[in-house]
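The structure under discussion appears below in the form of structure tokens.
Remember, it's a predicted structure, so these values are computed and weren't measured experimentally. Protein chains get the first letters and strands the later ones, always in sequence-line order, with residue 1 at the start of each.
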Number of protein chains: 2
Amino acid sequence: MRELTQRQKDVATFISTFIKEHNYAPSVRDIADHFQFSVKAAHDHLKALEAKQVIKTKSGISRSIEVIGSEFFPREEMIQIPLIGSIAAGMPLMSEENTEYLLSIPATMLRNTRNTYFALRIRGESMIEEGIYDGDIAILRKCEVADTGDIVAATVGEEEMGITLKLYYPSNGNIELRPANSTMGPIITRSCKIHGKLHLLIRNYA
Amino acid sequence: MRELTQRQKDVATFISTFIKEHNYAPSVRDIADHFQFSVKAAHDHLKALEAKQVIKTKSGISRSIEVIGSEFFPREEMIQIPLIGSIAAGMPLMSEENTEYLLSIPATMLRNTRNTYFALRIRGESMIEEGIYDGDIAILRKCEVADTGDIVAATVGEEEMGITLKLYYPSNGNIELRPANSTMGPIITRSCKIHGKLHLLIRNYA
DNA sequence: TGTTTTACTATACAATTGTTGATGTTCTTT
DNA sequence: AAAGAACATCAACAATTGTATAGTAAAACA
């Protein structure tokens with residue numbers, strides 16, 4: 001298998017552009033018309049591009065061309081993340097009904113596509129020395145365990161008390177949830193529920 | 001015109017889900033098959049949903065249903081923002097050829113859709129006291145003027161010297177570009193070129 | 001040199017798909 | 001009670017669209 005020819009790149013570019021412009025994929029004839037060649041030529045190009053893993057099509061289904069990742073046409077993989085409320089403001093339930101809206105984050109900015117992520121709005125100044133400010137949006141990876149020093153979203157005691165974002169420091173039996181704010185003391189507890197680890201922070205200036 | 005009925009919501013949800021799953025819109029028959037009703041029923045639903053501004057279709061073009069904004073199916077408007085390099089690391093040119101990749105940001109997180117935005121990777125500790133850390137990604141709105149106290153990306157003198165992110169403080173004839181780091185001094189200059197204002201900050205923990 | 005790949009033309013068939021007419025039921029609103 | 005909207009069926013037509021056959025020709029490769 002050789003690499004893409006110029007003509008194939010042109011066709012792939014056209015498809016990619018067409019999808020962005022129209023929100024649906026071109027038909028074989030849309031491609032043929034644009035390049036002023038026959039329907040078969042267009043179809044052959046699609047086969048070639050599919051063999052070279054640039055596009056994917058579903059046989060028999062119209063306008064089903066999908067531009068997939070490749071050296072020449074890197075697809076921007078997006079992950080949808082629900083923003084499920086504010087940290088330390090009641091109880092942001094981990095359910096889809098509580099989703100304020102979905103954030104789209106490029107997969108390249110996250111570690112692993114297969115993990116589940118969720119987002120919370122930061123309230124308060126407890127993590128200010130880590131550069132996490134009131135109003136910031138934290139994107140967390142859902143997980144139950146954390147390593148020492150990780151920034152985690154956790155609930156201590158009753159879930160209704162609300163989630164806190166803190167530094168995780170376990171020490172012989174106890175768990176210390178440290179704020180990054182010298183005016184505040186840590187929460188020391190026997191057990192807490194970890195909801196996720198901080199992976200991304202988004203701040204809005206306006 | 002009344003609001004959406006439960007059935008119409010179901011149909012709209014199906015379409016929305018189908019598009020996410022398949023990357024192409026359902027045909028009229030895909031909808032009919034799923035709900036076990038006739039093709040005409042599906043088609044009528046599409047007309048109703050279009051009249052109610054929930055979807056948009058192109059007549060005669062297969063699989064051209066597009067779910068648009070509405071009370072019940074708020075469309076997440078995305079803005080593509082080019083990441084054009086690192087701040088204070090050579091010269092990140094404001095051109096599309098220098099785009100490392102495109103970030104997708106929900107429009108709701110930005111002030112104005114019509115503005116031009118670009119992104120830069122932060123290098124150095126000069127804005128650490130504003131909670132802006134090395135490696136953070138700054139999303140800026142392209143503009144030439146700024147207000148006192150704004151965080152701006154600017155170049156002083158030759159453009160090749162590189163862009164800096166600083167606090168903007170003009171004072172009778174001079175322009176002071178203040179770092180947010182007490183160990184560093186401000187840049188005081190007669191003139192500088194402002195490239196944009198900071199609007200969004202993204203930090204990756206991993 | 002021969003083989004493979006690329007890049008097409010022209011034509012055609014069949015499946016997919018959008019669209020419509022005629023018609024009826026149920027529910028809500030006036 | 002009347003009117004309209006919503007929801008539905010069956011059947012049919014026409015346009016769109018994917019796929020294929022039968023070639024031609026040039027370029028790339030081994």
Subject >> Under 4.0 angstrom between A:Gln36 side-chain N/O and C:dC8 OP1 or OP2 >> reply: no
Original post:
Could you state the CZ-C1' distance from B:Arg7 to D:dA6, rounded to the nearest angstrom?
Top reply: 11 Å
Subject >> Letter per nucleotide, 5' to 3', of nucleotides 14-24 of chain D [B base touched, S only sugar-phosphate touched, - untouched; heavy atoms, 4.0 Å] >> reply: --SBBBBBB--
Subject >> Five-pair end axes of the helix from C:dT1-D:dA30 to C:dT30-D:dA1, angle between them (10°) >> reply: 40°
Original post:
Base, sugar-phosphate, or nothing: which does A:Gln6 touch, judged by heavy atoms less than 4.0 Å apart?
Top reply: nothing
Subject >> Between D:dC7 (P) and B:Leu49 (CG): distance, integer Å >> reply: 9 Å
**OP:** Would you indicate, yes or no, if C:dT5 has its OP1 or OP2 atom less than 4.0 angstrom from a side-chain nitrogen or oxygen of A:Thr5?
**Re:** no
Original post:
Tell me: OH of A:Tyr24 to P of C:dG18, nearest whole Å?
Top reply: 12 Å
Subject >> Partners passing side-chain contact (heavy atoms from CB on, under 4.5 Å) against A:Ile128 (at least two apart in sequence or in another chain) >> reply: A:Glu125, A:Tyr133, A:Asn181
Subject >> Residues in side-chain contact (heavy atoms from CB on, under 4.5 Å) contact with B:Leu46, at least two apart in sequence or another chain >> reply: B:Ile15, B:Val28, B:Ile31, B:Ile55, B:Ile65
Original post:
A:Phe35 has an atom CZ; how far is it from atom C1' of C:dT6, in whole Å?
Top reply: 15 Å
Original post:
Sequence neighbours excluded, which residues qualify as ring-ring contact (aromatic ring centres under 6.0 Å, His included) partners of A:Tyr168?
Top reply: none
Subject >> Heavy-atom donor-acceptor pair, B:Thr148 side chain to B:Tyr169 backbone, under 3.5 Å >> reply: no
**OP:** Report the residues that fulfil side-chain contact (heavy atoms from CB on, under 4.5 Å) with A:Gln6, sequence neighbours left out, ordered by chain and then residue number.
**Re:** A:Lys9, A:Asp10
Original post:
Sequence neighbours excluded, which residues qualify as ring-ring contact (aromatic ring centres under 6.0 Å, His included) partners of A:His34?
Top reply: A:Phe14
Original post:
Can you tell me how far P of C:dT5 sits from CD of A:Glu50, to the nearest Å?
Top reply: 17 Å
Subject >> Separation of D:dA27 P from A:Gln8 CD (nearest whole Å) >> reply: 16 Å
Subject >> B:Glu176: salt bridge (Lys or Arg N to Asp or Glu O under 4.0 Å) partners, not counting sequence neighbours >> reply: B:Arg178
Subject >> salt bridge (Lys or Arg N to Asp or Glu O under 4.0 Å) contacts touching residues 28-43 of chain A (sequence neighbours left out) >> reply: A:Asp30-A:Arg63, A:Lys40-A:Asp44
Original post:
Atom NE2 of B:His34 and atom P of D:dA8: how far apart are they, to the nearest Å?
Top reply: 13 Å
Original post:
Taking NZ, NE, NH1 and NH2 as the nitrogens, is one of them in A:Asp136 or A:Arg121 under 4.0 Å from a carboxylate oxygen of the other?
Top reply: no
